[in-house]
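For clarity, every value in this text was computed on a predicted model and none was experimentally measured.
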Amino acid sequence: MMRIGHGMDVHQLVEGRPLVLCGLTIPHEKGLLGHSDADVATHALMDALLGAAALGDIGKLFPDTDEEYRGARSLELLGRVMQQLDEAGYRPVNVDVTIVAQRPKLRPHIDEMRRMLAQAMGMLVTCVSVKATTTEHLGFEGAEKGISAQAVCLVESIQSK
């Protein structure tokens, strides 16, 4: 059995925080505000994976009211999501993440982002897509007030449920 999941996330850009996307720290004068490392791309991906398996969302698994997750690395949380998927009898076939940001330009970092996500999920990098786009200066992303990300995934059953 195959199932599709979709996830989306948004975080505000602020001074004094690192910009982490797909587990990679990107040089930029601002970073994303959040309880964890605020890795908007990995958050969207985790929600897509959880949604495909009908396991809820990251707010349920890793609530921002829990001090255990303050400053948490989202790639480590992705590892926990992968354990949840495995326990539910699913594994990802492929994932596709789109990051929406006016700046910084992300093209030079895409290959490393793909590699980091693939490693965290135990997948081939050829099954992990990461793309970036701008909004042509429209909306909060275009005004450089925040970054959003969307992700879709396909998971397959690894056992009869």
Closest non-hydrogen atom pair, [X] against [Y]:
X: Tyr69; Y: Pro63; value: CD1-O, 3.7 Å
X: Ala48; Y: Gly7; value: CB-N, 3.5 Å
X: Cys22; Y: Ala41; value: SG-CB, 3.6 Å
X: Gln102; Y: Lys105; value: O-NZ, 3.9 Å
X: Ser36; Y: Ala72; value: CB-O, 3.4 Å
X: Met2; Y: Leu154; value: CE-CD2, 3.6 Å

For this session: Count the heavy atoms of every other residue, nucleotide or ligand shown that sit under 6.0 Å from CD of Glu156, and state whether that count exceeds 12.
Result: yes
Can you confirm whether [X] sits close enough to [Y] that some side-chain heavy atom of one is under 4.5 Å from a side-chain heavy atom of the other?
X: Asn94; Y: Ser129; value: no
X: Leu32; Y: Val20; value: no
X: Asp39; Y: Arg73; value: no
X: Leu78; Y: Met121; value: yes
X: Leu21; Y: Val40; value: yes

Assigning hydrophobic clusters by single linkage (Ile, Leu, Val, Met, Phe, Trp, Tyr; side-chain heavy-atom cutoff under 4.5 Å), is [X] placed with [Y]?
X: Leu33; Y: Ile147; result: no
X: Leu50; Y: Met1; result: yes
X: Val97; Y: Leu106; result: yes
X: Leu61; Y: Tyr90; result: yes
X: Leu55; Y: Met46; result: yes

From [atom1] ([X]) to [atom2] ([Y]), nearest 0.5 Å:
X: His11; Y: Asp37; atom1: NE2; atom2: CG; answer: 8.5 Å
X: Leu24; Y: Ile110; atom1: CG; atom2: CD1; answer: 9.5 Å
X: Ser74; Y: Met116; atom1: OG; atom2: CE; answer: 11.0 Å
X: His43; Y: Met8; atom1: NE2; atom2: CE; answer: 13.5 Å
X: Glu144; Y: His137; atom1: CD; atom2: NE2; answer: 7.5 Å
X: Leu49; Y: His6; atom1: CG; atom2: NE2; answer: 12.5 Å

Exercise. Gln150 side chain to Thr98 main-chain N or O, any donor-acceptor pair under 3.5 Å?
Worked result: no
For this session: May I ask you to decide if Gly142's main-chain N or O and Thr135's side chain share a donor-acceptor pair within less than 3.5 Å?
Result: yes
Exercise. Below 4.0 angstrom, N of the basic side chain to O of the carboxylate: do Asp96 and Lys131 qualify?
Worked result: yes
Exercise. Would Val100 and Val10 satisfy side chain to side chain contact (heavy atoms under 4.5 Å, CB included), going step by step from the backbone distance to the final call?
Worked result: CA-CA 9 Å; Val100 184; Val10 174; over 6 Å; no
Problem set entry | From CA spacing to verdict: side chain to side chain contact (heavy atoms under 4.5 Å, CB included), Leu75, Leu117 | CA-CA 7 Å; Leu75 280 189; Leu117 290 177; 3.8 Å; yes
Problem set entry | Step-by-step side chain to side chain contact (heavy atoms under 4.5 Å, CB included) determination, Met113 to Ile99 | CA-CA 11 Å; Met113 290 179 187; Ile99 303 166; 4.0 Å; yes
Seminar exercise, completed: For residues 8-29, the salt bridge (charged side-chain N to carboxylate O under 4.0 Å, His left out) pairs (sequence neighbours left out) are Glu29-Arg103
For this session: Output all residues satisfying side-chain hydrogen bond (donor to acceptor under 3.5 Å, both in side chains) with Glu68, sequence neighbours left out; order by chain, then residue number.
Result: Arg80
